[in-house]
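Each chain gets a letter, A, B and so on, in the order the sequences are listed, and its residues count up from 1.
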Amino acid sequence: MGKQYWLMKSEPDAYSWDDLVRDGSGIWDGVRNHTAKQNMQAMKVGDEALFYHSNIGKECVGIMRIVETAFPDPTADAGSPWVVVRVEPVRPLAHPVSLKAIKADPRLADMELIRQSRLSVAPVRAAEWQHILKRSEQPED
DNA sequence: GCCAACGTTGGC
DNA sequence: GCCAACGTTGGC
């Protein structure tokens, strides 16, 4: 299987894109949902993910690369099933792509982000990925 | 095994 | 601040 694409949410007041850029790399910890966990376990080195700011901003702001596959979440109790992956920033989007714009775009409205709004780690189809990147080339409205 | 109650996420 | 969606817990 070739490269796969993902979307990962973080509340920017807890951990933002700028925090990840500052750190150079980070582990995606704190995920406590089984579907999200399974998605992280399916990630391969080289897969790419959108960094989405939930709650504040509600927009995709950057592209990350998976640099280490799933391993136990050090913030979880020993023996728990929770995992993390390690990510690195690739580049910021020239212009953020907002949830509003995604919902309004028929080519994006079927994204997992929309279909299952509470899922914090979700797959993104290749066509959706390409379309979001294209949209990020120019500002909204 | 069902389901009501409760907690959390996240958009509005 | 509210609420919809969804997950978890615990009584039965």
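Exactly one residue among A/Lys58, A/Glu140, A/Glu59 makes a side chain to side chain donor-acceptor pair (under 3.5 Å) with A/Ser98. That residue is A/Glu140.
Nucleotide B/dG10 holds its C1' atom 15 Å from the CD atom of A/Glu59, rounded to whole Å. Across the protein-nucleic acid pair, A/Asn55 atom CG and C/dC3 atom C1' stand 14 Å apart, rounded to whole Å. Atom pair A/Leu113:CG and B/dT9:P shows a separation of 17 Å (rounding to whole Å applied). Atom CD in A/Gln116 sits roughly 14 Å away from atom C1' in B/dT8 (whole-Å rounding). In this structure, A/Lys37 atom NZ and C/dT8 atom P are separated by 10 Å, rounded to whole Å. The distance between atom CG of A/Leu119 and atom C1' of C/dG7, rounded to the nearest whole Å, is 12 Å. Taking atom CD on A/Glu11 and atom P on B/dT8, their separation rounds to 13 Å, with Å as the unit. Rounded to a whole Å, the NE2 atom of A/His34 is 9 Å from the C1' atom of C/dG7.
Between the side chain of A/Arg32 and the base of B/dT8, no donor-acceptor pair under 3.5 Å is found.
With respect to the salt-bridge test (charged N to carboxylate O, under 4.0 angstrom), the residues A/Arg135 and A/Asp105 qualify. For the pair A/Asp19 and A/Arg22, the salt-bridge criterion is met [side-chain N within less than 4.0 Å of a carboxylate O].
Contact annotation: A/Tyr52 reaches the phosphate of B/dG11 (side-chain N/O to OP1 or OP2, under 4.0 Å). Distances shown here put a side-chain N or O of A/Lys9 below 4.0 Å from the OP1 or OP2 atom of B/dG10.
Taking the six-membered ring where the residue is Trp, A/Trp28 and A/Phe51 present perpendicular rings, their angle passing 60° and hence far from 30°.
A/Lys103 comes within contact range of the sugar-phosphate backbone alone, with a heavy-atom separation under 4.0 Å but no base atom that close.
The NZ atom of A/Lys37 sits 11.5 Å away from the CZ atom of A/Arg32 when rounded to the nearest 0.5 Å. Taken to the nearest 0.5 Å, the OH atom of A/Tyr5 stands 12.0 Å off from the CD atom of A/Glu128.
An angle of 10°, rounded to 10°, separates the two end axes of the helix from B/dG1-C/dC12 to B/dC12-C/dG1, each defined over five pairs.
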Show your working on side chain to side chain contact (heavy atoms under 4.5 Å, CB included) between A/Val85 and A/Met8 and close with a plain yes or no.
CA-CA 11 Å; A/Val85 292; A/Met8 303 173 87; 4.0 Å; yes
